Undergrad: 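Take a look at this one; I'll ask things after.
Computed from a predicted structure; not experimentally measured. Quick note on labels: first sequence line is chain A, next is B, and so on, each numbered from 1.
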Amino acid sequence: MTALLEVENLRVSFPTRTGVVEAVRGVSFTLGRERLGIVGESGSGKSQTGRAIMGLTPEHGQISARKLEFNGIDLLKSSQAERRALRGGRIAMVLQDPKYSLNPVMTIGRQIVETLRTHEKVSGREARKRALDMLEAVQIRNPERVFDLYPHEVSGGMGQRAMIAMMLVAGPELLIADEPTSALDVTVQLEVLGILDQLVVERGMGLIFISHDLRLVSSFCDRIIVMYAGRIVEELRAGELANAKHPYTQGLLDCMPRIGKDRHPLPVLDRKPEWAL
Amino acid sequence: ATPADTLVQAWAFDDTITLDPAESFELSPAEFIGNSYDMLVRLDIDDTTQVKPGAAESWEISDDGLTYTFKLAPGLKFASGNPLTAEDVAWSFERAVKLDKSPAFILTQFGLTGDNVAEKAKAVDETTFVFTVDKPYAPSFVLNCLTATVGAILDKKLVMEHAEARTPDADNKYDTDFGYAWMKTNYAGSGPFKIRDWRANEILVLERNDNYHGEKPALNRVIYRHVKESATQRLMLEAGDVDVARNLEPGDLEAVQSNPDLISTSAPKGTVYYISLNQKNENLAKPEVREAFKYLVDYDAIGATLLKGIGEIHQTYQVKGVLGSLDSNPYTFDVDKAKELLEKAGLKDGFSVTFDVRNTQPVTGIAESFQQTAGQAGVKIEIIPGDGKQTLTKYRARNHDLYIGQWGMDYWDPNTNADAFTSNPDNGDDAAVKSLAWRNAWDIPELTQQVQDALLERDNDKRAGMYQELQQEALETSPFVMIFQQIEVAGVRNNVKDYRLGPSFDSNPLAPVSKN
Amino acid sequence: MSTTDTSIKPRRTNRRALAFFKSAAGFVVIVLTTYLGLLAVTFFIGRVVPIDPVLAIVGDRAPAHVVERVRQEMGLNLPYYQQFILYVKGVLQGDFGTSVLTTNPVMTDIRRVFPATMELATVGTIIGAVFGIPLGVLAAVKRGSLTDQIVRVIGLVGYSVPIFWLGLLGLLVFYAKLGWTGGPGRMDVVFEYTFTPVTGFYLIDAVINRDWAAFRDIFSHIILPGALLGYFSLAYISRMTRSFMLNELSQEYIVAARAKGLSETRIIWGHALRNAAVPLVTVIALSYAGLLEGSVLTETVFAWPGLGLYITNSLQNADMNAVLGGTIIIGSVFIAINLLSDVLYRILDPRTRN
Amino acid sequence: MSNTIMTRREWLLTDRPQSRLQARLGRAYVTWRRFSANKLAVIGMFLIIALVLVALFAPALAPYSPYTGDLATKRLLPPGTEGHWLGTDDQGRDILSRLIYGSRLTLQVVGLVAIIAAPIGLLVGTVAGYAGGWVDAVLMRITDIFLAFPKLVLALAFVAALGPGIGNAIIAIAITSWPPYARIARAETLTVRNSDYISAVRLMGASPWRIVLRHIMPLCISSLIVRVTLDMAGIILTAAGLGFLGLGAQPPLPEWGAMIASGRRFILDQWWVAAMPGFAILIVSLGFNLLGDGLRDALDPRGSGQ
Amino acid sequence: MIPALEIDGLRVTFEDFVALNSVSLTVAPGESFGLVGESGSGKSTLLRAVAGLAPVSAGSIKVNGKLLDHRRSKEFYRQVQMVFQDPYGSLHPRQTVDRLLLEPLAIHGFDDTENRIVRALDEVGLGSGFRFRYSHQLSGGQRQRVAIARALILEPSILLLDEPTSALDASVQAEVLNLLEEVRAARNLTFIMVSHDLAVVTHMCDRLMVMQNGAEVELLSAADLVGGTVSQDYTRNLLVASEGFRRD
Ligand SMILES: Nc1ncnc2c1ncn2[C@@H]1O[C@H](COP(=O)(O)OP(=O)(O)OP(=O)(O)O)[C@@H](O)[C@H]1O
Ligand SMILES: Nc1ncnc2c1ncn2[C@@H]1O[C@H](COP(=O)(O)OP(=O)(O)OP(=O)(O)O)[C@@H](O)[C@H]1O
Ligand SMILES: [Mg+2]
Ligand SMILES: [Mg+2]
């Protein structure tokens with residue numbers, strides 16, 4: 001299996017008035033056509049890693065890496081236009097909250113069509129058909145209707161599906177999903193994950209799945225990266241969660257209440273300063 | 001650029017509120033009416049103490065001085081084509097008297113009432129009109145009054161076609177409105193021009209009347225555009241978008257005068273400006289204070305700057321050019337003299353008064369200058385600026401201390417100003433006659449009587465002498481600090497010929513004007 | 001899995017109809033109370049203004065008995081509440097009374113002066129929007145750059161300069177010195193007696209009459225005051241556009257649009273501005289209303305026979321019928337513009353279309 | 001030396017303040033730093049400070065009396081004339097001296113309007129927004145009426161009724177300028193009234209007045225301050241507009257708007273008479289605008305952060 | 001024994017949307033009661049109705065045996081306090097922790113405010129170092145502690161907890177949950193706690209109610225849930241979902 005994405009020593013920092021914030025500090029990993037999970041607590045740099053790969057780091061942020069290659073394309077050297085052509089076409093990203101990441105004044109259909117027509121020269125009718133197919137593929141029952149709805153007219157779960165459809169319509173090879181389900185109900189959450197899973201399997205797509213829920217990630221992904229303060233502290237196969245070595249990973253696992261396990265008080269994470277070094 | 005057959009004037013004529021000669025009493029409509037209607041007699045602008053024939057070719061005065069017989073020129077026609085007869089004259093007088101609007105007193109002061117007007121202003125035949133007055137007034141007075149716009153001759157037939165029927169009641173005794181509603185905005189005259197169109201505060205268009213009996217106007221049209229700002233007027237004049245600018249202030253006037261494309265013309269007008277001292281204020285009521293104030297105006301500086309070209313210092317209340325006008329300017333700016341007088345009045349340390357001032361130039365400038373110069377004598381003046389109507393309302397209620405006012409003659413005769421400044425028949429708060437003397441609570445029974453007497457003096461020279469005496473008295477003792485007489489100026493493009501301004505607003509003749 | 005389709009909001013027509021009636025009724029109540037308030041306030045003002053309204057009709061020199069008679073004719077000797085009731089009655093019958101100053105029915109006057117003001121304000125707003133929006137967008141996109149600062153200063157100067165000052169200066173330069181534009185007034189006198197107004201909007205009338213010479217002349221007259229007002233509305237519009245755009249550009253959906261691979265142009269003009277347009281409508285409407293009422297000074301300088309001047313002049317002469325009529329018209333337009341901007345808001349923002 | 005400065009800075013910037021005072025100062029300091037990073041805003045602030053200083057020390061700064069001139073000999077001297085660097089006006093008064101004294105009036109106008117209009121707007125808006133229901137309806141109707149009124153007409157009418165003069169002009173402007181503040185305050189109140197932290201205060205049993213006065217108003221104040229400073233220019237110009245129509249300050253007060261109004265007669269030939277006060281207004285309102293813009297960015301955390 | 005909270009036939013409507021439809025429940029003093037259900041099922045609305053923050057259109061609420069009327073009295077607020085879901089939204093952005101804690105004391109006229117504030121901060125494990133911070137200077141967990149301190153400072157007997165940890169990281173969640181358990185034990189508080197996380201609810205509560213569409217689905221004890229003895233499919237679905245993703 002060839003590597004779809006290679007990341008070596010990725011760094012993202014933000015100069016602010018109170019000093020430089022290093023959001024990502026030397027992250028390295030490779031990704032094949034598989035499901036990679038990134039977990040970590042809030043502020044640990046998960047989203048910034050994903051965005052750096054996409055080329056969506058906020059303007060004042062600074063990126064450096066020894067290597068950032070997608071399918072042999074050196075992302076660091078490519079021009080804005082080349083990055084743009086990749087974005088949404090070959091690499092796509094699902095954002096966290098459908099409530100905010102869909103344009104509120106455009107119908108869902110138009111937003112999907114827009115992606116498609118940005119990357120492929122297709123007729124309006126063709127684009128519409130492909131968008132409808134895509135909506136169906138993400139398990140929307142009544143695509144014709146949803147096509148003409150505005151984002152506020154659909155529920156969170158459906159909005160998230162629309163978002164996924166929008167990002168997948170151009171057939172990307174890599175999908176970065178940044179907490180795609182944390183705004184959703186448990187039951188809906190599983191439906192959405194099911195869709196993503198199916199797409200990976202059917203299309204042979206690479207997936208980076210970002211979440212702070214260790215248990216969810218371990219049940220869904222093939223491989224897990226655990227981040228802490230901008231660094232990778234541990235990399236695991238999903239099945240080996242129980243054998244996690246790093247105390248941070250262990251602590252994360254341990255501190256969650258579990259049905260059937262009566263622990264009072266819950267064990268808490270005792271952060272060690274040396275983890276962040 | 002303006003069309004060759006049209007004279008375009010920029011003028012602030014927002015005081016035009018009606019075109020009906022029986023009601024109109026403001027300055028700008030006087031010019032419109034003066035150019036579009038005939039009166040029996042007109043003011044001679046070359047000798048302003050005389051009248052000249054208008055619609056009447058000639059007139060005779062009976063020996064008892066009560067009957068005036070006017071002979072109309074034959075074959076006169078209104079612009080409508082209707083013949084102009086003595087009947088129209090009589091009816092116009094009757095209409096004005098019966099409508100009894102503001103200017104009607106110019107006629108009714110001769111004893112005319114709604115009941116007797118038909119008898120006293122009567123057509124004897126097609127061309128003979130007889131006017132009977134109740135006292136043997138000075139003939140100059142009667143004739144001067146008949147030059148006023150209220151004496152304009154209306155086309156009876158045309159007006160009555162537009163009259164509305166009325167049911168007589170307590171307020172209104174007549175069964176018609178005499179075309180009152182229609183006349184506000186319409187025209188029924190026989191003058192050199194006809195009024196074609198009037199849009200308030202926007203435009204007024206005069207058009208040549210081909211039925212006019214006299215010399216026909218050279219131009220087809222005269223258009224007035226309402227432009228308020230002097231600077232704007234000047235720009236339009238310089239650009240050639242208007243031919244005449246009528247409200248130029250000194251600075252702009254100077255620029256016009258130095259521009260080779262433009263000329264300026266001016267004429268002293270029958271309007272005087274004065275500061276008056278309300279005698280209800282006990283400080284101002286002191287004779288020494290009244291005199292002192294006359295020394296506190298810096299006449300020379302004001303004349304050389306604020307009034308340059310638009311007014312001349314004039315310390316008597318009759319305007320230059322009118323019968324009996326006294327040309328005497330004895331006062332100069334003299335702080336020491338004023339201080340001396342104030343000390344005599346027991347006001348060595350000065351005092352404070354308020355000063356109601358309209359927000360227009362040049363009065364504001366004069367008021368400010370006076371504030372400074374009076375301050376030098378210890379008189380602290382607080383200026384209360386206000387819109388014209390606002391200060392006037394206060395003035396008419398005698399609620400002011402100091403007021404700076406302007407007085408225009410009602411008709412071209414010395415009686416009008418004598419009556420205003422030196423007559424006050426009843427100084428009570430609810431007096432029937434509220435002259436300027438009354439407004440300043442100046443109680444002057446003797447002067448009032450003298451004004452009455454002058455009215456009946458049939459010898460013109462004697463009459464003139466009486467008015468000069470009155471002026472001399474006022475100059476010394478009145479609470480009026482007379483400052484200047486207005487000069488009306490116009491900036492004119494130099495291709496305009498024979499543009500002239502007359503002494504009164506109804507005598508700015510447009511008929512001779514031509515362009516090349 | 002069955003939650004999918006039920007989560008779409010049910011649209012119940014009867015509920016919507018009811019809501020419509022409710023909001024329509026609410027609107028009527030708002031309009032009525034606003035009107036009544038406007039009437040009452042203006043009426044009150046008319047009574048406290050220390051100007052004798054009779055003075056405007058009869059002048060300073062009328063004999064006392066004429067003054068008294070006119071006062072009675074005008075009903076000014078009645079108690080205030082009766083005068084108010086009389087007035088409201090008249091207004092309800094569509095009769096705003098007669099203007100003392102122009103002797104016309106107030107409605108006739110307003111029909112004449114209002115289009116003049118409206119035409120000017122419209123041109124001003126169009127200029128303001130056409131230039132203000134792109135400038136605002138530019139400033140927001142290049143936030144903090146020199147461009148941004150320049151745009152801001154242009155706007156700030158617009159906020160800070162007295163209008164009559166700029167007006168006279170403009171006349172001096174463009175009309176008197178350069179001769180590029182027409183002078184004061186709505187058109188040259190040449191056209192005064194050939195041109196027949198139809199709607200009162202002269203530009204439109206010229207088109208209707210197919211009088212192209214007049215059109216050119218009218219345009220050359222309106223462009224200077226229009227540009228002047230346009231500058232002031234530009235100041236406001238560009239400033240608000242910048243602020244709305246900054247807000248939109250920081251939204252997540254912009255990130256999402258970038259993630260789709262859209263070009264910056266498309267993101268800025270197609271996505272961000274489309275969203276910013278929603279509140280901008282209100283801003284433009286407000287600025288339009290502001291120009292309608294706030295152009296007294298421009299009208300003075302440019303001898304523009306408009307509503308602002310009409311009202312001010314009437315007020316100074318205590319011509320209360322005219323003031324009341326003018327105020328009610330401006331109030332109505334204000335309400336209408338508010339309504340219109342609400343409707344537009346609804347059209348532009350699907351979230352409010354329920 | 002630099003050491004103590006550093007520590008003072010640290011003391012201010014600490015995220016563990018030890019007293020109420022330190023917390024408040026720290027917060028002010030952060031705002032100040034954000035504000036002072038904006039150069040234009042700092043320029044604006046200095047302009048306003050300069051205005052205040054000029055107003056304070058007017059008698060010392062002005063070379064002549066602002067009230068008395070020399071009509072006969074010194075009228076309308078151009079700028080650059082020896083002793084009258086900005087020229088003289090139509091009464092022969094020194095324009096520079098008048099401008100210097102006029103700054104007092106300008107400050108007075110601006111300050112009083114802010115003191116009168118902003119609190120009225122704040123109170124009406126927050127009460128309407130928080131109370132809702134008929135209170136809201138009534139208050140907003142009143143606000144609408146004032147908004148729907150032609151502003152200059154309303155001000156003109158009030159001035160006409162109260163009599164001209166700077167004091168009445170101020171009142172008139174204040175009366176016409178509160179409704180937008182009420183609108184803003186109401187809109188802001190509506191967004192916070194249902195927030196959890198206001199619910200939390202209600203859950204403590206606080207009375208509605210307490211909630212409005214102590215919890216909601218402080219939130220609305222910052223955007224109001226911003227809006228008011230931005231409006232300052234407009235207020236000066238409205239005052240100038242009233243002055244232009246002759247309803248502002250009484251002569252010979254050197255109010256800038258009134259100065260322009262009387263100077264406009266000379267605008268074509270003696271441009272400086274109107275231009276000098278025009279520049280003064282321009283500079284001061286630029287100052288207020290820049291300050292307002294800076295304040296908005298500094299006080300509105302959303303605007304700067306990312 | 002008088003129940004701490006007794007709700008009978010409670011109905012809440014927003015305009016014409018029924019958010020709560022005839023819900024009844026009883027909570028004993030000292031009990032910890034849980035509410036679970038999908039988003040929009042009316043959990044928060046129920047708590048808010050008790051607190052007087054939602055419009056009750058029918059039904060009755062009794063607190064410690066006393067029927068509540070439409071306007072809540074000051075005493076009520078001394079008995080019932082609430083902790084909100086979003087720690088970022090429930091603290092006034094312009095007030096220091098000190099001011100936040102002082103406010104309830106000032107409203108109820110407590111003296112000895114100094115000591116009470118210090119004690120309250122200690123109790124939630126923050127110490128006085130946090131006293132003069134603004135909320136934006138606190139992390140989510142710290143904010144939630146402040147919110148708890150604020151609720152406790154009036155010494156209520158009933159605490160309404162609306163998803164107090166759902167916005168927090170797992171590790172911080174554990175700390176807050178522990179803190180809540182501690183204070184409950186120390187003060188013998190009654191908890192009504194909302195969560196969409198079944199594990200959290202079973203961890204904290206003795207009994208719980210499952211809700212859907214503003215109505216009760218079933219009422220069961222934590223033990224039943226652990227043992228899987230549930231009668232409704234809906235509850236069963238929830239239970240399955242809480243175990244994470246399963247590929248089938
Ligand atoms: N625009 C920015 N300017 C400065 N610092 C930033 C910016 N964006 C992110 N950061 C910082 O970068 C760090 C990592 O942020 P990131 O969004 O990647 O965290 P995360 O792991 O996705 O957390 P969460 O689970 O809360 O989404 C954080 O400390 C954050 O404060
Ligand atoms: N103020 C309100 N106005 C109108 N509808 C409301 C209001 N508050 C809540 N609702 C509606 O009531 C229903 C129940 O809301 P509630 O907040 O109680 O749900 P929840 O069970 O707490 O959901 P979540 O888990 O998302 O917090 C929702 O459909 C919501 O839209
Ligand atoms: Mg993130
Ligand atoms: Mg909830």
Side-chain angles (χ1 to χ4, degrees), chain A residues 51 54-56 58-59 80-81 83-107 111-112 114-116 118-119 139-142 145-146 149-158 161 163 166-167 169-170 176 178 185 187-188 190-191 194, chain C residues 1-12 16 140-145 148 244-282 344-354:
Chain A
R51 289 185 181 209
M54 285 296 288
L56 291 178
E59 257 171 69
Q80 277 298 325
R83 294 293 298 262
R84 210 158 48 225
L86 285 180
R87 271 206 298 270
R90 297 180 66 186
I91 315 179
M93 181 165 187
V94 175
L95 298 173
Q96 177 162 1
D97 198 335
K99 222 167 48 209
Y100 300 110
S101 38
L102 289 170
N103 186 339
V105 299
M106 258 186 179
T107 58
Q111 298 191 47
I112 299 175
E114 192 180 31
T115 313
L116 188 60
T118 307
H119 295 284
Q139 318 253 320
I140 285 176
R141 294 287 147 70
N142 197 346
R145 204 167 100 74
V146 174
L149 292 180
Y150 285 93
H152 73 278
E153 293 174 308
V154 301
S155 67
M158 185 132 53
R161 275 175 244 210
M163 178 85 196
M166 178 168 96
M167 288 308 178
V169 71
I176 302 171
D178 187 359
D185 266 331
T187 40
V188 185
L190 294 185
E191 284 177 41
Chain C
M1 283 280 156
S2 63
T3 52
T4 323
D5 285 347
T6 53
S7 57
I8 296 167
K9 281 194 184 159
R11 297 173 182 235
R12 277 191 263 151
R16 271 168 72 192
V141 171
K142 310 222 155 158
R143 182 181 192 183
S145 71
D148 184 17
F244 293 145
M245 280 298 285
L246 282 179
N247 185 33
E248 293 304 329
L249 286 171
S250 69
Q251 300 293 319
E252 272 300 286
Y253 72 82
I254 294 295
V255 179
R258 293 215 172 92
K260 281 157 68 169
L262 301 188
S263 68
E264 281 304 298
T265 325
R266 178 145 182 85
I267 288 172
I268 290 160
W269 300 97
H271 286 242
L273 185 60
R274 176 65 185 75
N275 276 276
V278 176
L280 257 186
V281 165
T282 313
L344 270 179
Y345 197 104
R346 255 160 233 231
I347 291 173
L348 287 175
D349 188 349
R351 286 164 291 193
T352 53
R353 284 181 222 155
N354 271 324

Undergrad: Checking side chain to side chain contact (heavy atoms under 4.5 Å, CB included) for the pair E191(A)/Q139(A): CA distance, chi angles, key distance, verdict?
TA: CA-CA 9 Å; E191(A) 284 177 41; Q139(A) 318 253 320; over 6 Å; no
Undergrad: If you count heavy-atom pairs under 4.5 Å with chain C, which of T115(A), N103(A), I91(A) comes out on top?
TA: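 Ranked by contacts with chain C, first place is N103(A).
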Undergrad: Strictly by modelled atom types, are Y253(C) and Q111(A) linked by a side-chain donor-acceptor pair under 3.5 Å?
TA: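 Y253(C) vs Q111(A): no donor-acceptor pair found between side chains.
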Undergrad: If every non-hydrogen atom of H152(A) is compared with every non-hydrogen atom of P350(C), which pair is closest and at what distance?
TA: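 Smallest interatomic distance, heavy atoms only, reads CE1-O, 3.0 Å.
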Undergrad: Between E114(A), M93(A), M166(A), who has the most heavy-atom pairs with chain C when the cutoff is under 4.5 Å?
TA: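 When all of E114(A), M93(A), M166(A) are compared, E114(A) has the most.
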Undergrad: Measure R51(A) against the heavy atoms of chain C and call it side chain, backbone, both or neither at under 4.5 Å.
TA: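 For R51(A), the side chain is the part near chain C, not the backbone.
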Undergrad: Let's test your reading of the structure: which of A272(C), G270(C), S263(C) forms the most heavy-atom pairs below 4.5 Å with chain A?
TA: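 Among A272(C), G270(C), S263(C), the one with the most close pairs to chain A is S263(C).
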Undergrad: Does one side chain, of Q251(C) or H271(C), offer a donor that lies under 3.5 Å from an acceptor on the other?
TA: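 H271(C) and Q251(C) do not have a side-chain donor-acceptor pair below 3.5 Å.
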Undergrad: Could you check whether E264(C) pairs with R84(A) (Lys NZ or Arg NE/NH1/NH2 to Asp/Glu carboxylate O, under 4.0 Å)?
TA: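 No, E264(C) and R84(A) are not salt-bridged.
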Undergrad: Determine the option with the most heavy-atom pairs under 4.5 angstrom with chain C, choosing from P58(A), G89(A), P104(A).
TA: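 Heavy-atom pairs under 4.5 Å are most numerous for P104(A).
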Undergrad: Side chain, backbone, both or neither: which part of T118(A) has a non-hydrogen atom closer than 4.5 Å to chain C?
TA: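 Contact with chain C: side chain only.
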Undergrad: Under a 4.5 Å heavy-atom cutoff, which of R87(A), R83(A), M54(A) has the most pairs with chain C?
TA: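 Top option by heavy-atom pairs under 4.5 Å: R87(A).
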Undergrad: Output a table of donor-acceptor pairs, distance under 3.5 Å, between side-chain atoms of residues 94-102 of chain A and any protein atom two or more places apart or on a different chain; print 'none' if there are none.
TA:
from, atom 1, to, atom 2, distance (Å)
Q96(A), NE2, S182(A), OG, 3.3
D97(A), OD1, K99(A), N, 3.0
S101(A), OG, D97(A), O, 2.6

